[in-house]
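Working notes, beginning with the structure itself.
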Amino acid sequence: MQINDFSVTFSTINGSGSATANNTILRAISKMGVPVSARNIFPSNIQGLPTWYNLRVNAAGYKGRQEHCHILVAMNPETVAADLEKVVEGGLVLINEEILLDELPAGMKKIPMPVKMLLEASKTPTNLHIYLANMVYVGILAWLVGIDLEKIEAALQYHFDHRQSAVEPNLKVVKIAFDWAHQNLANPGDYKLAALEHAENKILVDGNTAGALGALFGGLQYAAWYPITPATGLAEALNEYIPKLRTDPQTGTTNCVVVQAEDELAAIGMVVGAGWAGLRAMTSTSGPGLCLMAEYLGLAYFAEVPIVVWDVQRVGPSTGLPTHTSQGDLTFTYFISHGDKDMIILLPGDVEECFEFGWKALDIAEQLQTPVIVLSDLELGMNIWEADPFAYPDHKMERGKVLWEKDLETLLKKSGQWGRYQDIDGDGIPYRTILGNLHEKAAYFTRGTGHDEFAHYSEENRDWEKNLQRLKKKVESAKKLVPPAEVLNEEKGRVGLIAYGSTKMSALEAVAMLNRSGRQVDFLRIKALPFTDEVETFLKTHDRIYIVEANRDGQMRQILNVNFPDYAAKLRSAARCDGLSLSAEWIVSQIEKMEG
Amino acid sequence: MQINDFSVTFSTINGSGSATANNTILRAISKMGVPVSARNIFPSNIQGLPTWYNLRVNAAGYKGRQEHCHILVAMNPETVAADLEKVVEGGLVLINEEILLDELPAGMKKIPMPVKMLLEASKTPTNLHIYLANMVYVGILAWLVGIDLEKIEAALQYHFDHRQSAVEPNLKVVKIAFDWAHQNLANPGDYKLAALEHAENKILVDGNTAGALGALFGGLQYAAWYPITPATGLAEALNEYIPKLRTDPQTGTTNCVVVQAEDELAAIGMVVGAGWAGLRAMTSTSGPGLCLMAEYLGLAYFAEVPIVVWDVQRVGPSTGLPTHTSQGDLTFTYFISHGDKDMIILLPGDVEECFEFGWKALDIAEQLQTPVIVLSDLELGMNIWEADPFAYPDHKMERGKVLWEKDLETLLKKSGQWGRYQDIDGDGIPYRTILGNLHEKAAYFTRGTGHDEFAHYSEENRDWEKNLQRLKKKVESAKKLVPPAEVLNEEKGRVGLIAYGSTKMSALEAVAMLNRSGRQVDFLRIKALPFTDEVETFLKTHDRIYIVEANRDGQMRQILNVNFPDYAAKLRSAARCDGLSLSAEWIVSQIEKMEG
Amino acid sequence: METTLKRSYPNALGYNRSDYLGLPTTLCKGCGHNSIANMIVSACYELELQPEKIVKFSGIGCSSKSTAYFLDRSFAFNGLHGRMPSLAEGALFADRTLKGIGISGDGDTANIGLSQFKHLVRRNLPMVYIVENNGVYGLTKGQFSATAEKGLKLKRQGENPYLPVDIALEAVAANASFVARSFAGDPKQVKELIKAALSHDGTAVLDIISPCVTFNNQDYSLHSYSWGKGHEAPLHEVEFVMPREEITVEDFENGTVREVTMHDGSVIVFKKLERQYDPTNRTEAVRLLEQAIRRNWLITGLIYVDPNAPTIFDMYSMSSESLNRIPAEKLRPDRKALDMINLSFQ
Amino acid sequence: METTLKRSYPNALGYNRSDYLGLPTTLCKGCGHNSIANMIVSACYELELQPEKIVKFSGIGCSSKSTAYFLDRSFAFNGLHGRMPSLAEGALFADRTLKGIGISGDGDTANIGLSQFKHLVRRNLPMVYIVENNGVYGLTKGQFSATAEKGLKLKRQGENPYLPVDIALEAVAANASFVARSFAGDPKQVKELIKAALSHDGTAVLDIISPCVTFNNQDYSLHSYSWGKGHEAPLHEVEFVMPREEITVEDFENGTVREVTMHDGSVIVFKKLERQYDPTNRTEAVRLLEQAIRRNWLITGLIYVDPNAPTIFDMYSMSSESLNRIPAEKLRPDRKALDMINLSFQ
Ligand SMILES: Cc1ncc(C[n+]2csc(CCOP(=O)(O)OP(=O)(O)O)c2C)c(N)n1
Ligand SMILES: Cc1ncc(C[n+]2csc(CCOP(=O)(O)OP(=O)(O)O)c2C)c(N)n1
Ligand code: SF4
Ligand code: SF4
Ligand SMILES: [Mg+2]
Ligand SMILES: [Mg+2]
C-alpha cells in the first residue's frame, strides 16, 4: 500500500469541462494537508481533442513530473490504449464503462465506471450531464483513495464561488458515484491518502496569476500586451486584480493601466515609452512575441529605459507546440537584439518566486535602468501549484536614480552640471530626469543613435566606446541586485548538479534519489543572469557538473561556457525538449549513464 | 623617403562631391599597379557634415586601417584641428588656403592649396566650382606623390563613363593644379609612388556589389528587401545588374525578381515564401532589420525552407552608428529566434569572398534546406576594394533534394511512400516537393507547428523530439558544405590568432608584425559556422589563442567557448568596437599586452 | 439554389467533390469557419479547378488552421500570425499558373497583420484573400480583435472601447481591385463570391462574417449568427458564370440584371435588389461602406471590382515559364558575362 | 499675415521665440522638413505653451531627425523606424498635462509604420502626428515610399509601379478625429493647422507635403515644391483663435466664415473659398479625398474634425495626478490586501 505517494492521470477531451473536476480533486487533497501537484497536458485547440491531467500526491513534497502513473482515469476512448502504457504494473484503471477495451495489460486492475447510469440516477438536468459526467470520476476516485467528501464540497464551493445552484448538482453526482462505488466495488486499497497537518495553510495558484500579483504589489503602473499562449493569463490576471488592488475605493480611479496592443512590436514600444516616462512598465509574451520585441529591447538597453518583459516559454522553434512547456528561449533572450548588449534575466523556480520576482523585476529594472526579462514557462505559468502564501515584499520600492525638479536643482548646485549619461557613482548607472519635470535643465533627447554623456548626438568613436563600456559596468552592478543562486550542499570535489526555473522541481528530487542511491550530488539553483558569485564558487569546487534543463541544446550550459571558460571543460549537459517537463527519473538516468 | 607605403586622409564635407575626387585617386593609383585600399568614414546624414577618406598605399598589399596618416588633405575647417592629431611626425598637410590655421604641430609640413584661385584660373563654369574644388587636391596630390596624370585621366573616363563633357572640366582643374604645384612648390619627396607590374589586372569593387553579383551568378531568382544603410547597395546592385545578366536579350524577359517590401518583416516573409516555392531567394539587411526577421528565420529553420539573408553589419546595439562598421551581430545571429535552432553563418573576408559566398550561400541553403546568413559589414560592403577578378563558380549549381513529378514517381515506386520530413539518407536532410508539382502525392502541408515525418500535424512528444534531433544532424552535414577555415602556419604549442570577416585584413598584418618582432604567431581564419574541423585542430594544437574581432563582447570567442569547452580556457579575446575597423597596430598592442 | 446538388457527380475535369476535401476539422462545432471551408470545397469543385493547381496560405488562428480542412491535395503554407501576405507574395511568383487562396482571421488581418494586408492589396497580387471575421481572437480564447464593435462585452475582457476596423473599407482605401463582404450564415452567397474571387486577376478580398460560437456569438454581437441573419443587407444576388457556360437569365426571373466580365472571360451576374448599386464605381463603394458603418448595416455582396487593374505580375517582364522550373543553366550567366563584369571594374 | 512679425517679443508666458528653438538643423538646405520645424516653433510660441510641457516623439528618417531642430527645452524620444506611435502610447499616460508632438516620414508612417499609425489613430491618443511627406526615403538616399505616385521615376530605382497610399484617407478610414493636409511651401497654413492640432483633444493627423530637395524635387513629382505650388487647392483659409482671444472677423473681409469650437474652447475659423466644405462631416471627407485622388488635387486645409470624440484617456478612470509622480506608498497595496489575496487562494 502506498500512502500519500502516488499519481493519477485523468485522460479526457478538451472543452468537456474536465478542468472543474480535476481542480476540485487537487484542491480537496490540498485541503487534507497532503502535498499535491498537478499538470495539464492539453492541445492547441479549443474543443474536441485529447487532454490529460497528471496529478501527483507526495508526502515529501516533490512536485516533478513522473513518467508513469499509478491510477488512470480513462474518459477518452481515442487515447486509452496509449494511456495504458503509462500505468505502472499493478496500477488501477478507472474507466468509463462505455469505452470498449479488449483486455488490460497483466497486473492492472480495472474499475469500470457506469457514468451514464450514475448521471441518470442523480436526477440532475440532462443538459448539464455533459459537464457533470466528470463528477462521476471525482466521486469514485474519492472513494478509492480516500478523499474527504467534505473537502470536495469545500473545493466545489470555492470553484463555484459559493453559487449553490452550481455546487449542488455537482456535489450530488460526486456523492452518488461515491456511494455507488462504496456499495458495489471492493476497494483494492493500494493507493491511499491520509490527512496531514500542514504547518500553514497552503495556497493554490498558477504562476501567471502569481507574476501578475507580484507586479501589482511591485507598483506596476503600465502594462501592454498581445494575446499569446501560455502568457495570456498573466495580462488577464492584471485586468482581474486592478479593480481590487489598484483602484481607489472612494474615487474609483486607478493607477495602473493595461493596454491590449495590436501586436508585440507595439506592446514593447508602449512599454518602452511608459518606462521612459517614469512608469513601472511591463509586457508579457511567449517566444514568437519575444522575436518581435528584439529591436525595441536593444533600444531600451541602449537608451537605458527600465522595463520588464515576461516570457512564458512554450516549445519552439517557430510556432512549435504552443501548449507545451520548455526552457528553450534562454540563449535567444541572453543574446537578443543586434550589437553588443547585456540582458538581465530572472528565472523563477516556483509560484512563490513568480510573485517575488514580479515585484523585484520592477525594482531591478529601475535601479539599473535597463530591461529585465523574467523567463517563466508554461509549466509554471499555466498550472495551479500548491504554495506558501505570498510573502509581502520585504523591501521598499526602489525607484532608482531619478531626479525631479528639486533633486536636479541640488545636483546642479553641487556639480554645476548634469549629464543624462554621466557615470557619477562609478557603477555605470547614470541619473535620469523624467518627462513632466519642469526644471528648465531637465529635458534631454533620447535616441538609439550614438550620444555623449550629455545626451547630445555624437558619432565620435570615443564617445561610443566609452558609453558602451560604461553600460557594461551595469553587469557588475546587476550582480548585487539580482536574486543570488541557491546552494544545497556544497562539498569540494563532489559531483554538482545545476538547474533553474521550473526544472528545479524534478532536479531536487533527482538529487535526493542520487544521494539515496549512494552518489553524493550537490545542487545549485540559478535564479538570475548575470551569474552571482555562488555560481563561480560552485563551478570551482566541483569536479563534474551536470546542467539539467528542458531544451535541446543545453542552453544554460552554453551560457556557462561563455562566462566561465576556465570551468567549461567540467560541465556536462542533461538536456531534453519534447514538450514535457523533465522527470526526476530521466535526470537520474542521464547522470547515471554519464557517471558510468 | 617612403615608396609605395604611406597613407592619406582626405577630410571633406559630405554632399560636396568629394567621392568623385577620392575614387579617382584610388583608381589611378590602382592602375599604376600599386596595391591601394581606402575606406570612407562618413556620418549618418545627407549633406553638410564632416567626412573622411583614408587611403592607404602598401606595396605588400596590406589593407588594414592605420591609426595615423602620412598626408592630410584638409578641406574642412571644422575638423582640421582634430585631423592634425592623426598625422605622423614629419607628415604633410595639404590645406585649402582659405582655412585659417594657427600653426602646424612641429615637424609637419604645410602645403597650402589656392583652391579658389586655381578654379578661377581653370575658366570652368562657376556653377560647377563647388564640385570641381576637390579636383584641385587631386592635381596637387598627384604632383606630390607622383600619380600618373594619364592614369587620372583614365580614372575620370571610367568614373564619368566617357562623358567628355564631364571628364574635361575635371581633368582641366587637375592639370592646372598639378602645373601650379609643379611651378610654385618644392616637392618634399617624402612619400612617393612607383608604378609596379601587377600579375593580373585588379578590379575595384565594393562588397555589396560583389555579393549581389555572386548571387546573380548563383542563380538568384527572388530578392525582397527594405532600404537600410549599409545594406542598401546590395539590393540596388541587383536592380542594376539584372537587366545585364538575367534578362533574355531576345524577349526582354527576366528570371530574377526584386521586390522592395514595406518593411523587413515582409521582406523575410516574401523570401521564405519564395524559397519554399523553389526559388533561389534572398534578402539583405542590417542589424535593426535582422531583429525584425527573427521570427520568420525560426520558421524557415523549422519548416526547412532554404533562404539566404545578408546582414551587412553596422554598429549596434539599436540604431547605433548606422554608417560605421562593426562585427557586432554574430551572437545574435547565431542564437536568433526563440527555441532551439542552428543557423548557418558565412563570414566573407574580402570582396572576392563576397562574390563567392554570394553563389555558395544559395547552394548551401538549398542543399541543407535551411536559412544561411551571410555576415558582411559596412567596411567590406560599402568601401571599394582592389581585388582579383571574380572567379567563375567552380562548381555546378546544387539545388538539393528536390522531387519533381518523375522523381517522386520513382521514389514512390521504390519505397512505396514519401514523407516530407523523412531522413532517408541519414544526413538529416529530407526530400522536398515544390508547388506546381502536379503529382497527386506531391502536396504537403507546411507549418511552424509540430508535425511527423509525413508533414501531418502532431503534438506527440516523440514526434517533436525526433524531428528536432534530425534537424540537429544538419549541423554535421553543414560542416561538409560550408567553406572550411583557412590556416596560415600551424605549429604545435605556439600562440594562435583567430580572425574572421573584414578583420582578416588587419589580422594578417598583425601576424606579420608579430612574427617580425620575434613572436611566432599562427593564424586561423574562420569562414563559417558551424565550425569546420580545422578550427578544433587549431584550438587543440595551440597553447594560447587570441580571437580578434570588432565588437565589444568578443562574440566569436563566446561561440568558440560554447562549442569547444575543452579548449575554452586557452582562449583570449582582443575585441573592440568603436565604429572603426581594427588596426594591425592595435591588435599587436593587445597581444603584446596580454602575452606580457 | 440547387447547383450544389445538381453537380454531385464528377466535374468536367473528372474530379469528385471529395477530391477537394481536406482533413476532418478540429474546430468547434458550429464555427463559421467550417462552413466557409465547405464553400471553398464547393466553389473549387464547381469551377472545375485541379486541386494541385491551388496553393493555400494562412497566418495563425482558428481561421488560419482551417486551410487544413479543405483541399488536401493542394500545397499549403501555414505561416506566421499576421504575415501570410508576404509568404504569398514570395511563393506565387514561382508559378503563375497556380491560384492562391489565403485564409486569415480578423486578428490576423486587422491587428498584427494590418500593414501586410494593406500592402498586399496595394500590390494587387493575384490571389483570394479571405478574412474569417468573428470580431474576436478565437484560438487564444476570446480577446477583442480590431474588428470588434465598440461596446462589445466579452468574458475576462470587459467592454471594448474602440471603434472597429472595417476590413472592406481598408481594402478599398488601399486601392483594392476586388472587395466583397459576406456572411458565413449565407453559404450560397459565400460560394458564388469565392468563385468570382477565384476568377479575379488581382487580390480579391473577401471579408466574411464568421461567428465564433465559443467566444462571441451573443445575440447582440455584430459577429453572431442571429445578428447577421437579422441585419444582412445584400446588395444584390450574385451568380458566377464560367467562361464557357451560358448565362441563363431564368435564374433571375425578377429584377434587372447587371454583368461584370472578368479578366478570364467569366461573368459575374448581379440581380439587383432594392438598392441600385454599381460595384465598379470606387467613389460609390467608399460612400456605401461609410454609410454602412454609420447605420450598422451588414452590407453583403460584391462591393467593388476592377477586373483590369494591373497586377504585381504586370510590373515584371517575366518569362511565361514557371519560374521555379527554369533549369540551372538558364539561371547562371556564362563565363563571358563574368569576364565583361570583371572588365567593367578595371 | 503679420501675426508672426507682430509677436516677436515675449509671449504672455514670458517666452521669446528663441526659447522654442532647437539645435541648428543638419538637414539639407531647402528641405521641406526645416520649414515645418520652423512653423512648429512659431506655433508653440504663439500658442504660449511652456516648452517643458511638450514631449517630442519620432521614428527614423530625415523627418524624424528634425525633432532635434525645434523645442530644445522639451523632452524627446527618437524611437524606432515606423514605431513611434507605440512609444507615445506608453509615454503620454505618464502625465496627461503634457502635449505630445510626433514627427514621422512617409516611409516611417505609410510603409513600415502603417499598422502602428492606424492603430494610434484608432485609439485617439491626444497628440499631434505630423507626417513630413516627400514620397521618398530621404535618409536612405532616395527609394520609393508608399506615398510615391505611380509612374514616379527615381535614380537607381526606376519607375514606381504602385498606386500611392493616401495618408489622410487612411487616417479617416481608421476613425481619426482630426485630419488635415498641408504643404511646406505654404508656411502660414502649416502654422495655423499646427496650432489647431495642438489644441485638439485626440490624435491630430497632419499630412504635410514636404519636398525632399535632394532626391525627389523634380518639377513633375507630386511631392516637389513647384508641383505643390501649382496644384495646391486650399479648402479654406484657416485661422486659429485661442480661447481667450477675440475672433476678429476683419481678418476675413471677404467670403463667409465658419467656426469649429475645440474641446479647450479655442476656435478654428475657416474662411470659405470657392468650394463649400464642411470639415465635421466624415462622409464628405471620404468623398473629397477620393475625388482628390482621382483628380490629382493637392487639397489642403482641415479635412475632418470631431472635437469631442472620446480619447484613449476617456477609457480609463485614471486619477488626475500625474501618473509618474504618484509616490511609492500609493502604488503598493498594503499587507492586508495581500492577506486577503492569499486567503482567496486557499
Ligand atoms: C507573434 C504572435 N503573437 C501571438 C500569437 C498568438 N495567437 C495565435 S492566434 C491569435 C489570434 C487569432 O485571432 P484571429 O486572427 O481573429 O483568428 P480566429 O482564431 O478568431 O479565427 C493569436 C494572438 C502568435 N501565434 N504569434
Ligand atoms: C528597421 C529599420 N529598417 C530600416 C531602417 C533604415 N531607414 C532609416 S530612415 C528610412 C526611411 C526614411 O524615410 P521616411 O520615413 O520617408 O523619412 P525621410 O527621410 O524621407 O524624411 C529607412 C528605411 C531603419 N532605421 N530601421
Ligand atoms: S474558438 Fe471560435 S473561432 Fe475557434 S474554432 Fe471555436 S468557434 Fe471557431
Ligand atoms: S535628403 Fe531629402 S528629406 Fe533628407 S534632409 Fe535632404 S532634402 Fe530633406
Ligand atoms: Mg477572429
Ligand atoms: Mg520620406
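Chain letters run A, B, ... following the sequence lines, proteins first, then strands; residues in each count from 1. What's counted below: heavy atoms across the whole structure, side chains too, no hydrogens, waters or symmetry copies. These figures come from a predicted structure and were not determined experimentally.
Listed options A:Val257, A:Leu216, A:Thr209 were ranked by heavy-atom pairs under 4.5 angstrom with chain D; first place goes to A:Val257. The choice from A:Ala267, A:Ala303, A:Ala277 that makes the most heavy-atom pairs within less than 4.5 Å of chain D is A:Ala277. Contacts with chain A were tallied for D:Ser322, D:Pro85, D:Ser86; D:Ser86 has the most, counting heavy-atom pairs under 4.5 Å. Ranked by non-hydrogen atom pairs under 4.5 Å with chain D, the options A:Leu279, A:Leu245, A:Leu435 are led by A:Leu435. Counting heavy-atom pairs closer than 4.5 Å to chain A, the top-ranked of the candidates D:Asp339, D:Ile341, D:Leu80 is D:Leu80. Comparing D:Leu120, D:Leu71, D:Leu23, D:Asp334 by heavy-atom pairs within less than 4.5 Å of chain A, the highest count is held by D:Asp334. The greatest number of non-hydrogen atom pairs below 4.5 Å with chain A, out of D:Glu52, D:Met315, D:Gln346, D:Gln50, is found for D:Gln346. Ranked by non-hydrogen atom pairs under 4.5 Å with chain D, the options A:Gly448, A:Ala281, A:Ala442, A:Ala261 are led by A:Ala442. Taking A:Asn437, A:Ile384, A:Asp248 one by one and counting their heavy-atom pairs under 4.5 Å with chain D, the maximum is reached by A:Asn437. Between chain A and the options D:Arg123, D:Met84, D:Lys56, D:Lys118, heavy-atom pairs under 4.5 Å are most frequent for D:Arg123. Chain A forms the most heavy-atom pairs under 4.5 Å with one residue out of D:Ala91, D:Ala328, D:Ala94, D:Ser319, and that residue is D:Ala91. Options A:Glu440, A:Arg27, A:Lys396, A:Arg447 differ in how many heavy-atom pairs under 4.5 Å they form with chain D, and the most are formed by A:Glu440.
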Test ring pair (Phe, Tyr, Trp, His ring centres under 6.0 Å) applied to A:Phe445 and A:Tyr457, step by step: CA-CA 9 Å; A:Phe445 198 102; A:Tyr457 184 77; 9.0 Å; no

I would like to know whether D:Tyr20 and D:Phe70 meet ring pair (Phe, Tyr, Trp, His ring centres under 6.0 Å); could you show each step before the answer? CA-CA 6 Å; D:Tyr20 297 88; D:Phe70 59 86; over 10 Å; no

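Between the side chains of D:Thr97 and D:Asp95, at least one donor N or O lies within less than 3.5 Å of an accepting N or O. For the residue pair A:Tyr296 and A:Ser337, no side-chain donor N or O sits within less than 3.5 Å of a side-chain acceptor on the partner.
Using a 4.5 Å cut-off between heavy atoms, D:Thr67 contacts chain A through both its backbone and its side chain. Proximity to chain D is limited to the side chain of A:Phe355, based on heavy atoms less than 4.5 angstrom apart. Contacts between A:Thr433 and chain D at a heavy-atom distance below 4.5 Å involve backbone atoms as well as side-chain atoms. Both the backbone and the side chain of D:Ala68 come within contact range of chain A, each with at least one heavy atom under 4.5 Å from a heavy atom of that chain. Looking at A:Val259, both its backbone and its side chain come within 4.5 Å of chain D, counting heavy atoms on both sides. When heavy atoms are compared at a cutoff of 4.5 Å, A:Thr254 approaches chain D by way of both its backbone and its side chain. Of the atoms belonging to A:Val271, not a single heavy atom falls under 4.5 Å from chain D. Using a 4.5 Å cut-off between heavy atoms, A:Ala266 contacts chain D through both its backbone and its side chain. For a residue to count as touching a neighbouring chain, one of its non-hydrogen atoms must lie under 4.5 Å from one of that chain's; by this rule A:Leu220 does not touch chain D. Neither the backbone nor the side chain of A:His456 comes within less than 4.5 Å of any heavy atom of chain D. No part of D:Leu343 comes within reach of chain A, as not one of its non-hydrogen atoms sits under 4.5 angstrom from that chain. Interface remark: A:Tyr392 contributes backbone and side-chain atoms alike to the contact with chain D (heavy atom separation under 4.5 Å). In this structure, the portions of D:Leu323 lying under 4.5 Å from any heavy atom of chain A include both its backbone and its side chain. Neither the backbone nor the side chain of D:Glu329 comes within contact range of chain A; no heavy atoms are under 4.5 Å apart.
Using a 4.0 Å cut-off between a side-chain N of Lys or Arg and a carboxylate O of Asp or Glu, A:Asp263 and D:Arg83 do not qualify as a salt bridge. Salt-bridge check for A:Arg399 with A:Glu366: passed, with a basic side-chain N closer than 4.0 Å to an acidic carboxylate O.
Within the 4.5 Å cutoff, side-chain heavy atoms of A:Leu265 are placed close to those of D:Gln116. Counting heavy atoms from C-beta on, the side chains of D:Phe57 and D:Leu92 come closer than 4.5 Å.
For the side-chain contact (heavy atoms from CB on, under 4.5 Å) with A:Ile268, the lone residue among A:Leu292, A:Thr285, A:Ile307, A:Leu299 that qualifies is A:Ile307.
Cation-pi check for A:Arg280 over A:Tyr222 is not met; the charged atom does not lie both under 6.0 angstrom from the ring centroid and within 45 degrees of its normal.
Of the possible donor and acceptor atoms, none in the side chain of D:Asn175 sits under 3.5 Å from a partner among the backbone N and O of D:Arg122.
Annotation: D:Phe77 is in aromatic contact with A:Trp276 [ring centroid separation under 6.0 Å]. Residues A:Phe217 and A:Phe390 place their aromatic rings such that the two centres sit no closer than 6.0 Å.
To the nearest 0.5 angstrom, D:Thr203 atom OG1 is 8.0 Å from D:Glu89 atom CD.
Under the 30°/60° scheme for interplanar angles, the aromatic rings of A:His451 and A:Phe302 are found to be tilted.
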